Amino acid sequence: MTESTDIFEENKNWNRKLEKDTAEKLISLKWDFSPYTEKEIFSIDTPPPYTSGRPWHLGAAAQYSKIDTIARSQRMLGKEVLFPVGMDRNGIPVERYAEKKYGIRMRDTPREKFLEICKTSLDELEKEMFDILNSFAYSADFDNVYRTDSKEYRTLTQSTFIEMWKKGQIIRGTRPSNYCIDCGTTIADAEIEYKTIDTNLVYFYFKIKDSDQKILVASTRPELLGACSAILVNPEDERFKDLFNKTAITPLYNQEVKIIPHSYAKADFGSGAVMICSYGDYNDVMIIKELQLPENIIVDTNGRMKEKAGAKLNNLKVNEARKEIISMLQEGGYVEKIEKIQHRTPLCERSKTPIEIIPLDEYYLKVTDIKDKLEELAYQLKIIPEQHKQILLNWLKVSADWPISRRRYYGTEIPLWYCNNCKEPYLPEEGEYYQPWKDNPPGNPTCKKCGGKEFTGDERTFDTWMDSSVSALYVTKYLYDKNFYEKTYPLSLRTQGIDIIRTWLNYSILRCYQLTGKLPWEKAWIDGMGLDEHGEKMAKSKGNGIDPTIVIEKYGADAFRFWATSEALPGSNFLFSESRLQGSAKFLTKLWNVARLINQFGEPKEIAEKDLNESDKWIINYTEKLTEECIKGYEELNSFIPANRIREFIWNVFAPHYIELVKARAYGEGFSDDEKNSAIYTLNYVLKRVLLLMAPITPFITHTLWSILYKGEAIHYLSIPKAKEYNNQILLLGDKIMEFDSMIWNNKKEKGVSLREPITINIPAELKPFEKDLIMMHNINK
RNA sequence: GGGCCUAUGGUCUAGUGGUUAUGACGUCUGCCUUACACGCAGAAGGCCGGGAGUUCGAACCUCCCUGGGCCCACCA
């Protein structure tokens, strides 16, 4: 007994154990890439997943398995595929993970030590990510993993910054930032918590300029009155119709502010009129930006009122100033009433003090001056599916200069020093990795402006999108291998999710264009989101996230991959469904059993196509048509099509009709050796083709079956043959066969007899060529 | 709250102006027919989200509403 019959004897279904037996062999296959190939190059820029503590969602794993199918299918279409894998390791998530895990605070820990702790955490977490990728046989180049926090990667990020600084594309500006007065530092959005606390809503009057009218405004932050730059009222609000666009005078400060109709003001809240101050909350930030109102900052970074808040408020803390101004307003007779309300307030999650929004000096990457060009590039980029292009275009229209500096630790450092004497920035040369917070500028430079010798390093880091937005340049060795870069840039494809169009897609186009003058890729493949059983987004906060590891362990990696691919078109959202995953697993078992059957008949002899029986010619023509459709799907980066076509073919045509039609012949009952061989040859021909077509989607089962039945080289190193021309006439006849089969099955069903029961029936003249097979199949009396 | 996307039998999905509206999962009925009961065969199940319009004719085009999704913003 051969080894193959053993496996097939023991396993009547495709199962997790068989899959695990194959996994090691499959994962050990190497995927080298050479830019100097004769083949067409297909290069893919995939999202480096964030190496964070949260479990990787099933939606992400599904997306990566679809991306892997793209890479595998392009290889099997005969292309040389560059399929790198990276890990995004910069940024706040790991900082917060480390703080929580070790019970430390970033700003109370020596920076060097903190970075080390982060790095250790990342190394641990990264292993889990690789395990998940391997669990579904992600076929990227794992020998050359890139990490966004590596010296080489950060050198690239810094070099591109230096290059853009020299080109004048970096500018300075102020940016409203979350500031915790207690901690004395900016804090990230992620470090804010919201709490509903009691506060006073103060109703007070503004006078209208050149009139006896007044307008009643309600505010929880009256101390910011001196920073008021406008009053908003709802455009539908009849009470204020005659005040639209008039000028009001702020009490106490006597400054002129416009009354602007704007939908942000809600008629049913407070007095219906809201004052906009720099900055009471995020809405103020948004409105001031939108209406381009002047900024007037009256709170300093110690949380005390500035001098321009007025003599009485100067140097008071914010909450003291609030009390003081309320009594001042009351004394002046401006206050109508004070209402106790519950107010959802942003707090610093550590010190629990309300955050202030204070503008800080930051670096920006210029975007506004090349918006038109970016829009043109967006039109040039082929986006799959097309409808998602609109999301990018919409963002380009509203995009503003991009603030790129962050007051964080674990990130790529901003490579700048400042002269201790005159504050002039010192910019180092490209090509090195700099850590200005701990190192002196290289080569003891002198300040160009004042000749100073002493410098202080910038302590800030970049927004992490500054790193990830040049992944296309890193994987094509922009800085490190000119020849490689020339051969591979622009890349063929960017793959990513719909949720990061505004960030990763947008910023990548921007940065790569600024540096190379070109789009980074020909096409972008934008996938939808994985949702839970009820169609809701999986989120940690909802507790509905599903761990892909558990699903793969239960149903198998191939079942998972087949499900991910066949469930929805690329670009559409897809819902997790256990019963549908089960369905995928059943289909794989179906394929397994088709192979078990075919294996029994042994190896066929070669046979010329013209000598095949008619039934065999029919299914071979069908297979060529299937091949054509699948290849078209793969070429369009749409593996949904091959997955579903193959399933339909196997389950609705090949197994029930063709196999049943030729089974007797393959066993040799009442047929000549040539007729028998024709059937066995054809069964193998079709199975081989199906395995090749499915290999990109389900690498485990196809690898296993191929190595049992056809041995030789691993299936994943082979190519899908081009589809031969097929004869439509015989395909139409095939449809008649299937109709005839159903008719007989129905007939026997109605009589309540077994399908093996003999039947007396006329075979239609057009099906004469298949007569002998049909008689055996249905046990038709001659 | 703003912008954009989307809506097909119980669940999911194909289908872009004229089709008996595709297929899968699930359900029901009958069958262990020498590959498979994770199977085979058969059947039921849809006013193509609701409303209005364009058209000789709409699942398909337009508008409104409703549900869901993505991103942005989140109550002075």
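All of these numbers come straight from a predicted model, not from anything done at the bench.
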Undergrad: Could you list the residues that satisfy salt bridge (Lys or Arg N to Asp or Glu O under 4.0 Å) with Arg221(A), not counting sequence neighbours?
TA: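 Glu223(A), Glu356(A).
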Undergrad: Atom CD1 of Ile197(A) and atom P of C75(B): how far apart are they, to the nearest Å?
TA: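 After rounding, the reported distance stands at 12 Å.
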Undergrad: Where each pair must be Watson-Crick or G-U wobble with both distances under 3.5 Å, what dot-bracket representation of RNA chain B is obtained, with crossing pairs in [ ] and other-strand partners as |?
TA: ((((((((.[[[..)..(....]]].(((((.......))))).....[[[[[..)....]]]]])))))))....
Undergrad: Can you tell which of C75(B), C71(B), U34(B) lies closest to the side chain of Arg502(A)?
TA: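 For the Arg502(A) side chain, the nearest candidate turns out to be C71(B).
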Undergrad: Would you call Glu19(A) and Arg16(A) a salt bridge, using N to O less than 4.0 angstrom?
TA: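 A salt bridge is present here (some side-chain N lies under 4.0 Å from a carboxylate O).
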Undergrad: Start at the 5' end of RNA chain B and walk down; is the nucleotide closest to Gly272(A) or to Arg756(A) reached first?
TA: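 With Gly272(A) and Arg756(A) compared, the 5'-side residue is Arg756(A).
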Undergrad: Is the distance between the ring centroids of Phe574(A) and Phe576(A) under 6.0 Å?
TA: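 So the answer is no for these two rings.
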Undergrad: Could you give the distance separating G18(B) and G57(B) at their C1' atoms, to the nearest angstrom?
TA: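 Looking at atom C1' only, G57(B) and G18(B) are 7 Å apart.
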Undergrad: Considering only the C1' atoms, how many Å lie between U29(B) and A37(B), rounded to the nearest integer?
TA: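 Taking atom C1' in both U29(B) and A37(B), they lie 16 Å apart.
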Undergrad: Closest approach to the side chain of Asp499(A), judged atom by atom: which nucleotide of C71(B), C4(B), C40(B) is it?
TA: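 Looking only at heavy atoms from C-beta outward on Asp499(A), the closest nucleotide is C71(B).
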Undergrad: Reckon Ser742(A) has a side-chain N or O less than 4.0 Å from the OP1 or OP2 of G42(B)?
TA: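 It does, given that an N or O in the side chain of Ser742(A) lies less than 4.0 Å from OP1 or OP2 of G42(B).
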Undergrad: Heavy atoms only, 4.0 Å cut-off, all strands: where does Phe640(A) land among base, sugar-phosphate and nothing?
TA: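 Counting heavy atoms under 4.0 Å across all strands, the contact made by Phe640(A) is with sugar-phosphate only.
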Undergrad: Pick the C1' atom in U54(B) and in U8(B), then give their distance to the nearest Å.
TA: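 The answer is 22 Å between these two C1' atoms.
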Undergrad: Any chance you could list the contact pattern along nucleotides 22-31 of chain B? Use B for base contacts, S for sugar-phosphate-only contacts and - for none, protein heavy atoms under 4.0 Å, 5' to 3'.
TA: -SBSS--BB-
Undergrad: With Glu339(A), which residues qualify under side-chain hydrogen bond (donor to acceptor under 3.5 Å, both in side chains), at least two apart?
TA: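 With sequence neighbours excluded, Glu339(A) shows a side-chain hydrogen bond (donor to acceptor under 3.5 Å, both in side chains) to Tyr203(A), Lys337(A), given in chain and number order.
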Undergrad: For nucleotides G10(B) and G49(B), find the distance between their C1' atoms and express it as a whole number of Å.
TA: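 It comes out at 16 Å once rounded to the nearest Å.
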Undergrad: In this structure, how many angstroms lie between the C1' atom of U34(B) and the CD1 atom of Ile659(A), rounded?
TA: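 Answer to the nearest Å: 15 Å.
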Undergrad: When you compare G69(B) with A52(B), how far apart are their P atoms, in angstrom units rounded to a whole number?
TA: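 These two P atoms come out 28 Å apart once rounded.
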Undergrad: Can you tell me the distance, in whole Å, between the CD atom of Glu339(A) and the C1' atom of C75(B)?
TA: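 My rounded result for the distance is 14 Å.
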Undergrad: Are Lys748(A) and U33(B) close enough that a side-chain N or O sits under 4.0 Å from OP1 or OP2?
TA: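 So the side-chain polar atoms of Lys748(A) never come under 4.0 Å of the phosphate oxygens OP1 or OP2 of U33(B).
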Undergrad: Does any donor atom in the side chain of Ser278(A) or Asn296(A) lie under 3.5 Å from an acceptor atom in the other side chain?
TA: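 Judged by distance alone, the side chains do not pair up.
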Undergrad: Checking all strands, does Gln600(A) fall into the base, sugar-phosphate, or nothing category for heavy-atom contacts under 4.0 angstrom?
TA: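 Gln600(A): backbone/sugar contact only, no base atoms under 4.0 Å.
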Undergrad: Please state the C1' separation for the pair U13(B) and G23(B) - nearest whole angstrom.
TA: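 After rounding to an integer number of Å, I get 7 Å for this pair.
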Undergrad: Please list, chain by chain and in numerical order, all residues satisfying salt bridge (Lys or Arg N to Asp or Glu O under 4.0 Å) with Lys20(A), sequence neighbours excluded.
TA: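 By the salt bridge (Lys or Arg N to Asp or Glu O under 4.0 Å) rule, Lys20(A) matches Glu553(A).
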Undergrad: My understanding is that only residues two or more places apart in sequence, or in another chain, count here; which of them pass salt bridge (Lys or Arg N to Asp or Glu O under 4.0 Å) with Asp616(A)?
TA: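 Asp616(A) satisfies salt bridge (Lys or Arg N to Asp or Glu O under 4.0 Å) with Arg665(A) once adjacent residues are dropped.
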Undergrad: Which part of the nucleic acid does Lys12(A) contact within heavy-atom distance under 4.0 Å: base, sugar-phosphate only, or nothing?
TA: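 Sugar-phosphate contact only.
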Undergrad: Between Met777(A) (CE) and A41(B) (C1'), how many Å, whole number?
TA: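 From Met777(A) CE to A41(B) C1': 11 Å.
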Undergrad: What's the closest nucleotide to the side chain of Tyr264(A) if the choices are G3(B), A41(B), C75(B)?
TA: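 The listed nucleotide nearest to Tyr264(A)'s side chain is C75(B).
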Undergrad: Within this structure, what is the CZ-to-P distance between Arg596(A) and C38(B), rounded to whole angstrom?
TA: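 Between P of C38(B) and CZ of Arg596(A): 13 Å.
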Undergrad: Any idea which of A43(B), C12(B), G39(B) is nearest the Lys590(A) side chain?
TA: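 My answer, after comparing the listed nucleotides, is G39(B).
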Undergrad: Using whole Å, what does the distance between atom C1' of nucleotide C38(B) and atom CG of Asn13(A) come to?
TA: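 In whole Å, C38(B) C1' and Asn13(A) CG are 6 Å from each other.
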Undergrad: Out of C75(B), G69(B), G3(B), which nucleotide sits closest to the side chain of Asn283(A)?
TA: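 Looking only at heavy atoms from C-beta outward on Asn283(A), the closest nucleotide is C75(B).
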Undergrad: Charged N to carboxylate O under 4.0 angstrom, Glu660(A) versus Lys663(A)?
TA: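 A salt bridge links Glu660(A) with Lys663(A).
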Undergrad: Between Ile383(A) (CD1) and C4(B) (P), how many Å, whole number?
TA: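 Taking atom P of C4(B) as the reference, CD1 of Ile383(A) is at 17 Å.
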Undergrad: Which part of the nucleic acid, if any, lies within contact of Ala655(A), taking any heavy atom under 4.0 Å across all strands shown: a base, the sugar-phosphate backbone alone, or nothing?
TA: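 Here Ala655(A) touches the bases of the nucleic acid.
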Undergrad: Taking side chain to side chain contact (heavy atoms under 4.5 Å, CB included) as the definition, give me every residue that meets it alongside Ala585(A), ordered by chain and number, with sequence neighbours left out.
TA: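 Here the qualifying residues are Ala559(A).
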Undergrad: The side chain of Trp395(A) is closest to which nucleotide in this list: C12(B), C40(B), C71(B)?
TA: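 Comparing C12(B), C40(B), C71(B) against the side chain of Trp395(A), the answer is C71(B).
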Undergrad: Taking atom NZ of Lys397(A) as the centre, report whether more than 12 heavy atoms of other residues, nucleotides or ligands fall under 6.0 Å from it.
TA: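 Correct, the count exceeds 12.
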Undergrad: Can you work out whether Thr589(A) or Ser566(A) has the more 5'-proximal nearest nucleotide on RNA chain B?
TA: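 Checking each residue's closest nucleotide, the 5'-ward one belongs to Ser566(A).
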Undergrad: What is the separation between atom CG on Asp284(A) and atom P on C75(B), rounded to the nearest whole Å?
TA: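 Distance, rounded to whole Å: 11 Å.
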Undergrad: Quick one: label Asn573(A) by what it contacts on the DNA or RNA (base, sugar-phosphate, nothing), any heavy atom closer than 4.0 Å.
TA: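 Touches sugar-phosphate only.
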Undergrad: So what does Leu569(A) hit on the nucleic acid, given a heavy-atom distance under 4.0 Å: a base, only sugar-phosphate, or nothing?
TA: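 Counting heavy atoms under 4.0 Å across all strands, the contact made by Leu569(A) is with sugar-phosphate only.
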Undergrad: For Glu375(A), check salt bridge (Lys or Arg N to Asp or Glu O under 4.0 Å) against everything at least two apart and list the hits.
TA: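 Glu375(A) satisfies salt bridge (Lys or Arg N to Asp or Glu O under 4.0 Å) with no other residue.
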Undergrad: If the condition is side-chain hydrogen bond (donor to acceptor under 3.5 Å, both in side chains), which residues does Lys554(A) pass it with, not counting sequence neighbours?
TA: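 With neighbours one apart ignored, the set is Glu578(A).
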Undergrad: Taking G3(B) as the reference, what is the distance to A73(B) when you measure between their P atoms (whole Å, please)?
TA: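 Per the computed distance, 16 Å lies between those P atoms.
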Undergrad: Tell me what Ala265(A) touches on the nucleic acid: a base, only sugar-phosphate, or nothing, going by heavy atoms under 4.0 Å.
TA: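 It contacts base atoms.
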Undergrad: Taking the same atom, C1', in G9(B) and in A44(B), what whole-Å distance lies between them?
TA: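 Rounded to whole Å, the distance is 11 Å.
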